[in-house]
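This report concerns only the one structure given below.
Order of listing sets the numbers, starting from 1, for every ligand and every atom in it. Below, each value reflects all heavy atoms present in this structure, side chains not excepted, and no hydrogens, waters or symmetry copies. In this chain, residues are counted from 1 in sequence order.
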Amino acid sequence: MDRLFFFDTTLRDGVKAPGTVLTREEKIRIAKQLAHLQVDVIEPGFPAASEEQFAVCEQIAREVKGPVIAALARATNAKDFEIAWKAIESAASARLHTFVPASRQYREHFLRKSFAEVCQIAASAIKTARKLSKQVEFSLVDAFRAETSEVVDLVRVAVDAGATSVNLADTVGCALPADVEGMVSAVLAKVPGTSLSIHCHNDLGLAVANSLAAIRAGARQIHCTVNGIGERAGNAPLEELGALFALRSADLRMESGLKLDQIYPTSRLVRRLTGIGVQPHKPIVGSNAFLGELAAPQLADATAPPPFEIIQPEALGIHTGMDALGQDASLEALGNRLSELGYSFGSGEVRELYTEFQELALRKENVFDADLELLAGQRAPSEGSRYRLLYLNVTAGSISVPNATVQLEVDGEIVQDAGFGQGPVDAAFKTILRMVKRFPKLVRYEVNAVTPGADAQGEISLRLQENGVFVDGKAVGTDIVLASAQALIDGLNKLEHVVAHTGISEFTEEEGWLPRL
Ligand code: MN
């Protein structure tokens with residue numbers, strides 16, 4: 001059995017998914033959960049990009065034990081390596097990660113350098129990195145549109161300069177499994193012994209197939225993100241690859257170190273904190289992924305369960321049938337469910353939540369995961385939020401003009417106002433925006449039922465735009481007007497976070513901007 005390594009880049013590449021804003025606390029929670037899942041490497045960010053990213057990497061390196069902590073640095077900026085190393089050097093195991101464009105398209109468009117010059121940049125960057133870090137990963141951006149001979153040469157340059165792992169990135173998601181297999185085989189034939197890694201995007205729905213092809217051809221590490229989140233069609237999804245290699249481990253003769261029953265809790269946590277949903281039919285973590293043909297006819301004396309399932313959902317931390325908790329669920333059952341959903345509450349908090357759960361169970365026949373997430377979410381407000389909704393009353397109907405009375409906490413101060421609108425949601429939104437004195441454009445507003453039944457909770461998902469920045473706001477509740485207002489507040493807090501923390505240095509710095517893998 002060979003060892004397969006999982007390199008998780010949810011917190012660097014994954015968060016490039018449009019509208020994604022995670023606070024520092026949220027990133028740290030995700031990193032801790034990734035450590036529970038026992039991924040091999042966590043890449044929490046690009047420290048030179050902003051003070052916030054530096055702080056996130058620094059705190060994760062200090063607090064998250066187990067995985068290697070990797071930090072990205074531009075090959076063209078020597079300063080990046082010092083900053084990146086300073087951020088992660090306290091980790092028990094740290095890795096600097098640098099990259100150059102490999103394809104002619106990328107090289108000419110973004111760097112205007114010859115292949116020979118790019119080789120020099122790579123060699124000198126890797127040497128700089130190796131002076132600081134024992135582990136240096138080198139990525140070839142857009143490797144699968146590059147000439148095979150140039151990829152081989154660049155890999156050789158990197159290995160000679162001291163790169164300890166070399167990653168081939170299908171940055172634009174255009175490769176076919178046969179291309180990947182061919183490229184990996186060619187590299188390993190010409191530069192034997194290279195510790196190869198693969199980084200795939202899912203533009204053609206091939207990120208999993210391409211990652212698998214690379215491993216079958218001799219690569220040993222996969223870059224991936226939880227739920228496959230990332231820019232455009234996203235990255236290779238960790239949960240699908242993790243389950244695939246667990247299920248077919250004997251045939252593939254590869255073994256990962258993932259703690260399989262943490263796959264689902266990790267997926268739920270990332271889903272909840274990013275607000276990026278998962279389609280019902282998504283492999284492994286979609287809500288329908290393990291719903292077999294429930295009413296299938298079978299022999300009267302059949303004792304074994306029907307052979308639908310290729311992998312036991314429980315092994316992945318999914319407890320089907322437990323999606324709904326009844327009124328009679330025990331304190332222990334609630335505690336277990338909450339930890340499966342990715343929450344880590346103390347016993348006192350679980351007991352308080354249990355009281356709230358029992359109250360909700362009196363009002364609702366079944367309490368679903370989404371209901372629990374609402375309860376638990378209220379208990380764990382994101383720290384440092386600037387705006388909080390304290391009170392909302394809305395009047396609407398066929399006779400009255402829709403109007404809203406709102407009480408907010410803004411920077412710790414309580415403010416109150418009232419206003420009219422075209423409908424109840426419009427009245428609430430107009431009033432809130434006037435109170436916070438900022439007027440982002442509402443570019444999307446959606447309501448979806450998240451749980452079954454007439455007492456279903458509605459999930460509100462909206463997108464705000466302010467000065468070219470997009471953020472998504474989310475909230476869940478049985479009252480969709482109230483949930484809409486909470487989603488708006490969520491979005492406003494995220495806008496505030498982006499304005500306060502997003503580094504713009506990477507975009508304004510004239511020298512050395514490089515498109516990333
Ligand atoms: Mn990428």
Side-chain angles (χ1 to χ4, degrees), residues 5-20 22 27 30 34 39-49 53 56-57 70-75 80 84 95-103 105-107 109-111 122 137-146 151 154 158 165-177 179-180 183-184 196-215 219 221-241 270 274 276 506-507 513-517:
F5 298 94
F6 277 98
F7 180 114
D8 182 277
T9 185
T10 306
L11 297 174
R12 184 197 59 83
D13 215 13
V15 297
K16 285 201 251 163
T20 310
L22 291 171
K27 286 183 176 177
I30 290 173
L34 287 168
V39 300
D40 299 285
V41 186
I42 296 174
E43 183 173 53
F46 174 30
Q53 288 211 44
V56 165
C57 292
L72 197 68
R74 288 165 296 188
D80 273 24
R95 180 181 301 180
L96 287 176
H97 179 198
T98 191
F99 57 99
V100 298
S103 66
Q105 290 95 318
Y106 262 54
R107 216 161 57 217
H109 188 89
F110 296 108
L111 267 187
E137 181 150 325
F138 173 69
S139 281
L140 285 78
V141 180
D142 197 22
F144 296 94
R145 286 193 299 184
V151 168
L154 203 41
S165 51
V166 176
N167 177 51
L168 304 178
D170 182 17
T171 308
V172 295
C174 67
L176 301 178
D179 302 334
V180 175
M183 189 74 88
V184 170
L196 269 190
S197 168
I198 185 80
H199 177 111
C200 294
H201 279 269
N202 207 27
D203 297 70
L204 296 174
L206 290 173
V208 169
N210 286 340
S211 303
L212 175 61
I215 297 302
Q221 178 185 271
I222 298 177
H223 279 211
C224 51
T225 64
V226 177
N227 298 335
I229 63 167
E231 57 189 332
R232 306 188 315 275
N235 289 58
L238 178 126
E239 61 289 340
E240 292 179 36
L241 285 156
V270 169
T274 60
I276 302 171
E506 56 182 306
F507 299 114
W513 185 84
L514 272 184
R516 287 182 262 298
L517 55 152

| remark: Residues passing the ring-ring contact (aromatic ring centres under 6.0 Å, His included) test with Y106, sequence neighbours excluded, are F110

| field | Residues in side chain to side chain donor-acceptor pair (under 3.5 Å) contact with D170, at least two apart in sequence or another chain | value | none

| query | Within the distance-only criterion (no hydrogens, no angle test), does the side chain of N227 pair as donor or acceptor with the backbone N or O of I229 below 3.5 angstrom? | reply | no

| What count do you get for protein N/O/S atoms less than 2.8 Å from the Mn ion (ligand 1)? | 4

| What are the two closest heavy atoms between K27 and L11, and how far apart are they? | O-CD1, 3.6 Å

| said: Run the ring-ring contact (aromatic ring centres under 6.0 Å, His included) test against F7 and tell me which residues pass, sequence neighbours left out. | reply: H97, H223

| Using a distance-only test with no angle check, is there a side-chain donor-acceptor pair under 3.5 angstrom linking D142 and T171? | no

